[in-house]
2 protein chains.
Amino acid sequence: MRRGRPTLREVAAAAGVDVSTASRLLRGQDMPYRAETRQRVLDAAEKLGYRPNQQARALRLQRQQAIGLLVPDLDNFGFTQILRGVQEVAAEQEYTLMLVEAGAGAGEGGGISYERLGLEGRVDGILVAFASMDDPNVQEWAERERLPMVLVQRGTPSYPASVVMDEQRNVAVMVQHLVELGHRRIGHVSGPLRTDTGLRRQEGFAAAMREHGLAVRPEWIADGGFHWTGGQQAAREILDVPAEERPTALVVANLISALGTLSAVHDLGLTVPGDLSVIAIDEHIVAEHTNPPLTTVQTPQRELGRRAAQMLLSSLSGDKPSRVMITDPPPTLVVRASTAPPPPDGSADNG
Amino acid sequence: MRRGRPTLREVAAAAGVDVSTASRLLRGQDMPYRAETRQRVLDAAEKLGYRPNQQARALRLQRQQAIGLLVPDLDNFGFTQILRGVQEVAAEQEYTLMLVEAGAGAGEGGGISYERLGLEGRVDGILVAFASMDDPNVQEWAERERLPMVLVQRGTPSYPASVVMDEQRNVAVMVQHLVELGHRRIGHVSGPLRTDTGLRRQEGFAAAMREHGLAVRPEWIADGGFHWTGGQQAAREILDVPAEERPTALVVANLISALGTLSAVHDLGLTVPGDLSVIAIDEHIVAEHTNPPLTTVQTPQRELGRRAAQMLLSSLSGDKPSRVMITDPPPTLVVRASTAPPPPDGSADNG
DNA sequence: CTGAAAGCGCTAACAT
DNA sequence: ATGTTAGCGCTTTCAG
């Protein structure tokens with residue numbers, strides 16, 4: 001078998017110095033080396049192609065200089081901006097970012113087996129995106145592993161470290177847009193109510209409706225589960241009734257379930273936005289290409305990622321984490337063709 | 001500061017045995033322990049919440065039990081099935097999979113700085129997906145790091161370890177479908193010709209056209225760069241000519257550039273499939289929701305991921321890697337609304 | 001059946 | 001200005 005990577009000891013030997021000298025020098029520590037010594041060490045390292053062994057260093061330093069980011073499902077493209085934010089901060093602070101798709105570790109029981117992810121001892125801390133509120137496993141696991149953890153895009157009353165957005169405001173922007181178009185009969189394809197985000201978006205929906213003096217009709221609300229099929233089923237439930245009992249617009253709690261919603265709407269023979277307006281949260285290039293192109297709300301996802309990473313990293317150096325809500329930049333509407341004034345006969349509010 | 005994780009030494013002490021005994025026993029090695037010893041060790045480990053330190057183990061074993069998967073851009077959702085395949089195999093063999101978005105390490109020079117990814121020494125080997133042929137850095141880097149590497153979905157004449165698909169056949173399926181619909185004037189929004197996949201898809205296109213006795217018109221071929229804007233521009237180049245000089249169908253070399261293509265087509269006031277049929281490679285739920293829904297070719301991506309991971313893992317135990325082409329399962333057509341017979345006046349072949 | 005001891009590659013006091 | 005030494009937590013001969 002071929003020789004592995006050269007070790008520090010070998011470099012030192014080649015340069016005729018002690019390992020400690022080589023170690024200091026190669027890390028740029030201290031100042032006063034004899035110019036010749038420095039040269040010899042540098043040359044030797046260069047010549048042998050020396051690269052420090054992270055593992056040995058980590059073992060010695062008791063620090064991996066790496067953090068993990070756990071996401072549930074990479075097919076859900078709504079999260080990439082969060083990832084960007086996390087990446088930026090990690091790079092700035094010279095941490096390695098390890099992305100892990102949590103679904104990958106799902107055991108037979110349906111629950112996620114966090115142990116199977118093999119992150120134990122490979123990272124100094126972990127960012128958990130979109131963990132549902134009722135997944136006690138994450139928290140337990142992080143505790144057992146003594147792994148500092150920050151929840152991203154999900155808060156949990158019982159956990160002290162999280163970064164979320166002002167979902168109330170996000171949803172308010174959507175409702176406002178619809179109201180301005182003349183809608184009064186508005187329904188909601190929500191996220192799972194057991195998730196913090198799903199819950200807060202739904203509460204935000206109710207609040208925004210009340211603010212505009214509109215009725216929240218339970219039969220116009222259904223759980224789209226934040227995924228494609230869920231969005232489809234929810235829309236079907238809400239819309240498969242006589243025309244006069246239907247809402248004229250649907251606020252959808254995330255982008256991928258909005259795709260399912262559109263699908264159901266078309267299956268029912270309805271047109272968007274002629275019969276029904278649809279607006280969704282989370283902006284992505286895909287929204288430009290749906291049929292019709294989707295009006296969306298762009299949220300501060302990148303900032304969310306940044307703040308979460310910053311919090312995790314600073315908590316590694318002893319700072320106390322906290323519950324943070326991102327409010328800047330504010331959510332902005334990206335108006336496309338899926339929203340329009342309600343059909344003439346549908347503008348009456350019978351709620 | 002709070003006590004870290006308990007060490008093996010502490011467990012051993014608590015159980016009143018030597019670390020070596022605890023080590024063996026906890027790993028399930030050997031057989032003959034005194035029942036009482038076993039119980040004491042197990043109890044102690046349980047009580048203290050012992051988890052082995054991966055780093056120390058890795059240092060000792062000279063093996064990380066982890067592999068990396070480098071992808072260029074997570075916004076490109078075409079790769080998730082490959083990821084699934086890789087994940088399966090990694091899990092089966094109890095390897096941890098670290099996903100890294102390579103774009104993240106891009107330096108100012110535009111090139112990717114692989115060192116900055118910080119994978120060095122954290123993984124035993126690496127899978128590189130979609131690396132372009134002219135990126136000498138990857139190969140150099142892997143060599144310098146003595147990191148076994150397998151190229152996924154990209155071959156390179158000079159590199160001995162890769163897994164690719166039969167792009168010739170993938171493209172043939174698309175051309176065949178169009179020909180069966182009656183098209184004879186077919187254009188191609190290709191991938192970058194400096195990438196192996198882009199090149200092979202284009203060659204496949206030319207070959208398939210020849211096979212059907214159709215002319216390959218250079219002005220009907222443009223590089224869509226495998227991304228959104230590229231697909232848009234390429235389509236514009238090809239289509240922004242008098243109607244009688246346009247193709248009646250476009251074969252697009254990947255899904256995301258097909259979105260850009262659709263966008264350009266609409267901007268030009270053309271309808272799909274009325275004026276122009278569009279077919280793309282790579283299947284994804286998003287294709288069901290474009291306007292109109294896209295006819296695609298589903299390729300054996302998962303299998304590709306599996307084979308690549310298997311090759312990497314087996315090369316870690318000394319097997320010689322090779323260049324593999326996946327041919328099974330065969331590519332299958334997913335027919336949707338974006339393909340139809342050519343317009344009556346367009347079926348004439350003036351090529 | 002279990003313990004002692006060496007050492008993976010590195011860093012950080014503590015010497016000179 | 002550089003060398004000596006100990007040790008991070010684990011596995012593995014080699015001895016009993």
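It should be emphasised that the depicted structure is a prediction, and the values quoted were computed from it without experimental measurement.
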Item checked: Pairwise side-chain contact, T197(B) with Q153(B), heavy-atom cut-off 4.5 Å (strictly under) ->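 A side-chain contact exists here, since the closest heavy-atom pair is under 4.5 Å.
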
Margin query: Test of understanding: with side chain to side chain donor-acceptor pair (under 3.5 Å), list the residues that count as partners of E92(A), not counting sequence neighbours.
Written below: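 Side chain to side chain donor-acceptor pair (under 3.5 Å) check on E92(A) returns R306(A).
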
Note to self: According to side chain to side chain donor-acceptor pair (under 3.5 Å), who are the partners of R9(A), at least two apart in sequence or on a separate chain?
What the structure shows: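 So R9(A) forms no side chain to side chain donor-acceptor pair (under 3.5 Å) with any residue.
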
Please give, in whole Å, the distance from [N] [atom2] to [X] [atom1]?
| X | N | atom1 | atom2 | answer |
| --- | --- | --- | --- | --- |
| L8(B) | dC8(D) | CG | P | 13 Å |
| L26(A) | dT2(D) | CG | C1' | 15 Å |
| Y33(A) | dG3(D) | OH | C1' | 13 Å |
| Q39(A) | dT2(D) | CD | P | 13 Å |
| Q55(B) | dT11(D) | CD | P | 12 Å |
| R34(A) | dT2(D) | CZ | C1' | 9 Å |
| L59(A) | dC8(C) | CG | C1' | 9 Å |
| L61(B) | dC8(C) | CG | P | 14 Å |

Next item on the list: Please name all residues satisfying side chain to side chain contact (heavy atoms under 4.5 Å, CB included) with S317(B), sequence neighbours left out, ordered by chain then number.
Entry: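 None.
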
Distance test, side-chain N/O of [X] to OP1/OP2 of [N], below 4.0 Å:
| X | N | value |
| --- | --- | --- |
| T37(A) | dA1(D) | no |
| Q62(A) | dG9(D) | yes |
| R9(B) | dG9(D) | no |

Margin query: Quick check: on DNA chain C, is the nucleotide nearest L25(B) upstream (toward 5') of the one nearest A56(B), or the reverse? Name the residue that is more 5'.
Written below: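 The answer here is L25(B).
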
Item checked: Options dT2(C), dT12(D), dG9(D), nucleotide nearest the side-chain atoms of S23(B) ->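 Selected nucleotide: dT12(D).
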
Check: So, does T80(A) use its side chain to make a donor-acceptor pair with the main chain of L74(B) at under 3.5 Å?
Finding: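 Checked: no pair found.
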
Item checked: Nearest heavy atoms of R146(B) and L48(A), plus distance in Å ->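 Shortest heavy-atom separation between R146(B) and L48(A) comes out as NH2-O, 4.4 Å.
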
Checklist line | Listed once per pair and sorted, the side chain to side chain donor-acceptor pair (under 3.5 Å) pairs that draw on residues 57-68 of chain B, sequence neighbours left out | finding: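 Those involving residues 57-68 of chain B are R63(B)-Q65(B).
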
Short heteroatom pairs, N/O only, protein and nucleotides 3-7 of chain C, under 3.5 Å:
unit_1 : atom_1 : unit_2 : atom_2 : d
dG3(C) : OP2    : D18(B) : N      : 2.8
dG3(C) : OP2    : T21(B) : OG1    : 2.9
dG3(C) : N7     : S20(B) : OG     : 3.4
dG3(C) : N7     : R24(B) : NH2    : 2.9
dG3(C) : O6     : R24(B) : NH1    : 2.9
dG3(C) : O6     : R24(B) : NH2    : 3.3
dA4(C) : OP2    : D18(B) : OD1    : 3.1
dA4(C) : N6     : S20(B) : OG     : 3.4
dG7(C) : N2     : R60(B) : NH1    : 3.3

Note to self: With the threshold set at under 4.0 Å for non-hydrogen atoms, list the residues of residues 44-51 of chain B touching DNA chain C in residue-number order.
What the structure shows: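 Within this stretch, nothing sits under 4.0 Å of the strand.
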
Next item on the list: To the nearest 0.5 Å, tell me how far M311(A) CE sits from L127(A) CG.
Entry: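 The CE atom of M311(A) sits 9.5 Å away from the CG atom of L127(A).
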
Check: Is a salt bridge present between E88(B) and R84(B), judged by a nitrogen-to-oxygen distance below 4.0 Å?
Finding: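 So E88(B) does not pair with R84(B) through a salt bridge.
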
